[in-house]
Amino acid sequence: MFKRILIANRGEIALRVLRACREMNIETVAVFSEADRDSVPVELADHAICIGGNAPRESYLRPDRIIAAAEVSGADAIHPGYGFLAENAQFADMCRECNIAFIGPSAEAMRMLGDKATAREIAKKAKVPVVPGSEGIIESDEDLAPTAEKIGYPIMIKASAGGGGRGMRIVRDRTELHGMVKQARQEAKAAFNNDAIYLERFIDQPRHVEVQVLADSQGHVIHLFERDCSSQRRHQKLIEESPSPAIDARTRKYLCESAVRLAKTAKYVTACTVEFLVDSKLRYYFIEVNTRIQVEHPVTEMLTDADLIREQIRLAAGEPLSIAQKTVMPHGHVIECRVNAEDPSYGFRPCAGLIERFRPPGGPGVRVDTHAYQGCRISPYYDSLIAKVIVHQPTRLDAIRAMQRALREFVIEPIKTTIPFHLRILEHERFVEGQVDTGFIERSLL
Amino acid sequence: MFKRILIANRGEIALRVLRACREMNIETVAVFSEADRDSVPVELADHAICIGGNAPRESYLRPDRIIAAAEVSGADAIHPGYGFLAENAQFADMCRECNIAFIGPSAEAMRMLGDKATAREIAKKAKVPVVPGSEGIIESDEDLAPTAEKIGYPIMIKASAGGGGRGMRIVRDRTELHGMVKQARQEAKAAFNNDAIYLERFIDQPRHVEVQVLADSQGHVIHLFERDCSSQRRHQKLIEESPSPAIDARTRKYLCESAVRLAKTAKYVTACTVEFLVDSKLRYYFIEVNTRIQVEHPVTEMLTDADLIREQIRLAAGEPLSIAQKTVMPHGHVIECRVNAEDPSYGFRPCAGLIERFRPPGGPGVRVDTHAYQGCRISPYYDSLIAKVIVHQPTRLDAIRAMQRALREFVIEPIKTTIPFHLRILEHERFVEGQVDTGFIERSLL
Amino acid sequence: MVDLESIKQLIDMMVSNDVMEVTMKKGDEEISLKRPGPAVAPVIHAPHPAPAPGPAPVLTSLTEAPSPPVSDDSHLIKITSPMVGKFYASPSPGAAAFVKVGSEIHPDTVVCIIEAMKVFNEIKAEVHGVVEKIYVGNEQAVEYGQPLLGLRRP
Amino acid sequence: MVDLESIKQLIDMMVSNDVMEVTMKKGDEEISLKRPGPAVAPVIHAPHPAPAPGPAPVLTSLTEAPSPPVSDDSHLIKITSPMVGKFYASPSPGAAAFVKVGSEIHPDTVVCIIEAMKVFNEIKAEVHGVVEKIYVGNEQAVEYGQPLLGLRRP
């Protein structure tokens with residue numbers, strides 16, 4: 001096992017990793033930018049090293065400084081957290097060259113799964129459903145109708161050179177196909193001087209459901225069930241929960257087994273998340289793999305009593321999984337809300353500044369992961385997440401009520417947070433019914 | 001169900017009850033002494049009423065003022081918490097007379113189980129083992145030997161008029177019996193002018209193990225397994241855990257079933273705790289019933305995912321148990337530490353004053369129940385409990401490490417707390433081995 | 001400018017009365033003194049120190065209380081409720097109130113009845129003064145320590 | 001205006017009575033005295049304010065650093081480490097140090113080498129001055145922003 005882990009991150013995830021290390025009797029090295037000098041992980045770490053200025057590109061995004069810090073502090077492993085360098089394959093390479101363990105997958109696995117096309121090929125090889133499509137551009141309009149038929153309607157026409165929605169069209173049935181393709185080509189030609197298009201099944205009002213996977217270097221791969229992250233604003237997750245209220249036991253089984261097959265096929269080691277879109281008919285489609293620990297990992301931890309960070313560290317050290325698939329016992333219902341220092345009344349603009357009053361919620365079934373404290377300063381240089389509140393209850397309705405209770409007693413002053421917005425989501429009829437797709441918040445609450 | 005509950009308590013338990021009420025959509029009325037005006041439960045309650053001065057006898061121990069507060073606020077039930085009026089049968093009577101539900105057992109059950117002799121009779125009737133004894137004073141020395149034989153050695157001689165250890169003797173075997181009795185009688189005569197004595201089995205280095213029981217008015221009684229509270233200082237519990245590291249599965253089964261039989265025999269309704277002593281040979285003896293919710297109830301909540309306060313409220317409202325015995329699934333290991341504002345270096349003297357820095361622990365498997373916050377004042381009028389830290393982990397060793405991690409990150413300044421003492425217990429070899437009896441702390445750590 | 005003796009006296013007064021801050025201005029002269037003090041200590045602005053205000057009722061949404069006494073009442077002697085209960089201004093429905101604004105009252109004067117647990121408790125003034133404010137409406141719920149009447153010295 | 005004896009007495013009174021702040025104004029005269037809080041020495045503002053100290057190195061238990069520069073170094077110009085790495089005082093083992101106390105250095109003077117990831121980086125002074133303090137021992141680990149040398153103006 002590692003003796004000393006350098007935590008190449010900040011904020012709540014740095015604290016989360018530090019807690020796991022302490023519980024494993026592993027020493028910790030915190031690295032920090034000047035803005036984070038008074039932060040909790042820096043205070044609690046066994047060793048702390050300032051690596052640069054406040055801008056991430058001068059500190060947390062500097063592989064050279066982080067590796068130098070690992071070298072001078074004698075750390076034998078680096079935990080990258082999420083964000084920053086967590087999915088930077090070059091950084092993983094550098095760690096390996098310097099004989100420092102990178103707590104994550106190999107650089108090869110990261111590159112393979114980080115590339116959308118390669119990941120799609122691996123999924124197909126693992127017999128995991130992907131969003132059906134034309135597999136490349138449509139050369140001749142004669143191929144259009146048969147290809148569309150094979151994909152199945154509704155269909156999305158996408159410009160090959162596309163972006164920003166231009167050259168995109170949704171085709172509901174075959175009668176619209178040729179007309180829409182003509183329009184799309186014209187638009188694409190005008191916008192990109194390239195009228196090449198391809199076709200893809202259009203997933204209408206999908207759920208975002210992801211599966212937590214753990215894999216050891218001995219070839220064992222398990223899943224820890226799913227998380228439903230459909231409550232999003234501009235692709236930013238706001239609320240995550242498990243079990244997904246949208247899927248049935250049979251879909252859950254297929255989904256989770258698909259994720260395991262995919263990770264096995266990729267010969268993946270450590271923790272990853274396999275993301276899917278699920279449509280209203282419970283058909284699911286692989287979209288991507290996140291080769292790191294995720295912000296919302298506590299949802300799975302509360303649901304299953306597993307400790308994902310401790311497990312991730314063990315797996316990176318070459319140890320076998322400490323959990324067998326059959327001992328993973330999800331129980332009850334878990335919801336997480338991400339409390340961001342943002343003002344929902346002003347387009348969610350970030351609110352930096354001094355926290356003068358801070359009183360996190362507590363009591364039964366409540367977990368709080370936060371690096372904030374009364375008297376700390378939320379700096380404008382980094383992301384606005386200041387706390388994750390996670391509740392665990394026997395039923396989803398209990399969990400919604402417990403989350404309302406917890407958020408209502410959470411005091412953060414004077415900066416604005418997303419708490420009032422979360423409370424609006426939690427009491428919305430469609431959320432309470434579990435009827436949330438990825439567009440719900442933008443359609444109903446903004 | 002109740003519409004509005006008055007919480008006749010303060011501190012963390014008032015906050016705990018308030019949280020349960022909020023999760024059940026029940027309005028809350030906080031009553032408070034002048035010292036508690038700025039407390040969290042007063043801030044969060046729907047209504048708050050000052051009932052008197054700082055001394056408990058002028059406020060929290062005043063049934064008249066509490067009931068008047070319930071009347072003017074329109075509360076239809078009173079939750080007494082623990083301590084103060086929680087086991088005051090007269091208060092329960094007064095509530096009933098005023099048509100206010102008392103969230104606890106009937107006054108009759110409270111009186112019956114509150115009286116040691118009656119409780120012992122009920123236990124015998126329920127075939128629950130009690131500490132064997134002479135059942136009254138030994139009239140003639142001729143009865144001594146046969147009675148002692150029947151009770152079984154070692155035996156404790158106790159003065160009938162006794163107290164403070166005077167007139168008490170431990171007899172290891174029959175050869176010592178007559179001599180010791182003579183000494184005890186002389187000492188008792190000198191001290192109390194009464195040489196009457198009785199005999200009781202001496203339980204050497206016992207464990208304190210208690211069983212959580214819930215019972216509804218429909219006659220269903222279940223247990224939620226045990227808590228081991230052997231880590232005590234002067235009969236004050238410091239650390240509680242579950243499962244008990246001392247007992248085996250068979251003893252656990254008998255112990256828990258005994259508690260259920262006892263509650264059934266007493267026709268008990270709502271929540272109670274049945275306390276036992278367990279000796280080194282795993283023989284167990286009933287000692288008393290606590291007819292209220294206990295400080296350490298979160299241990300059971302984390303172990304079983306049950307919400308004892310919500311359940312207690314439901315039961316007091318006449319609803320049936322929401323949990324069946326077979327659905328109670330204890331999992332993992334739970335430890336609670338009571339963080340008191342006391343200075344362990346100066347005989348645990350209470351430390352009142354302003355809390356200038358307060359940063360409770362968080363993260364996976366950690367629950368904190370506290371009414372303290374940065375900027376609050378710990379008043380000298382009440383008990384010194386300022387926070388309960390409870391951890392839940394797959395194994396006992398994991399739980400010990402997680403508790404060490406949690407306590408080490410808990411910042412409370414500048415007042416002294418029992419945290420350093422807890423850390424000493426947690427790293428003591430005998431505690432780690434689970435070899436703790438009720439005298440361990442005094443023998444090994446003071 | 002520095003009159004040390006006056007300042008010394010000022011500081012002594014601050015310390016013995018737990019005063020945190022004193023500011024004095026006269027024309028273009030100004031003196032300001034600050035001590036750390038406990039967070040709850042009264043803040044006294046010179047020249048005339050105000051007595052500590054009575055406990056303000058917390059959250060009485062149930063009772064539709066009138067606004068709590070504000071600082072310009074601070075010179076009044078307060079009669080506060082010694083218990084929790086329902087306030088009655090008169091001995092029986094329809095009867096004249098025990099006291100009204102302008103009444104001169106003596107220590108033995110009954111100023112109201114507070115009902116708690118079906119018992120009607122007559123509340124005596126315990127002080128001598130003239131009623132200037134009545135803070136509580138008839139049949140309103142009152143808490144312990146809540147100001148009922150404000151008196152000025154006769 | 002500045003009557004030193006009066007100020008001394010004022011400070012004594014502040015300290016013994018735990019006064020945090022005194023401000024006096026008269027016309028365009030002003031005296032202001034502040035103490036940080038209980039049990040700490042009084043800080044007197046005006047006439048010359050002390051400059052803010054440079055960033056203190058956090059927890060360097062790994063590196064057995066000498067005591068960090070204290071406030072009486074505050075008048076020195078600091079050369080701080082622009083990176084994380086190992087500090088070398090001389091170009092090679094056994095060679096003379098780049099600088100020593102008393103050396104006059106110029107912006108282009110190499111003052112040390114910092115090794116990071118097997119790369120030896122020459123650190124130039126960037127300022128002109130005379131070395132008065134060397135804060136870091138040979139082969140010691142340094143963090144970003146850590147003071148290496150203290151210079152006085154030549």
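The structure presented is a predicted model; accordingly, all values stated were derived computationally and were not measured. Values below: all heavy atoms of this structure, side chains included; hydrogens, waters and symmetry mates excluded.
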dist D:Met117:CE -> A:Cys98:SG (nearest 0.5 Å) comes out at 4.0 Å

Rounding to 0.5 Å, atoms OH (D:Tyr144) and CD (A:Glu34) come to a distance of 4.5 Å

Is any side-chain heavy atom of D:Glu115 closer than 4.5 Å to one of A:Glu71? no

A:Phe84 meets the ring pair (Phe, Tyr, Trp, His ring centres under 6.0 Å) criterion, sequence neighbours left out, with A:Tyr60

In this structure, CE of D:Met83 is separated from CG of A:Asp64 (nearest 0.5 Å) by 8.0 Å

- request: Taking atom NZ of D:Lys133 as the centre, report whether more than 12 heavy atoms of other residues, nucleotides or ligands fall under 6.0 Å from it.
  value: yes

So for atom CD, which belongs to A:Gln90, do other residues, nucleotides or ligands contribute more than 12 heavy atoms lying within a distance under 6.0 Å? no

Residues passing the ring pair (Phe, Tyr, Trp, His ring centres under 6.0 Å) test with A:Tyr82, sequence neighbours excluded, are none

Looking only at heavy atoms, the pair that brings A:Val72 and D:Lys86 closest together is CG1-N, 4.1 Å

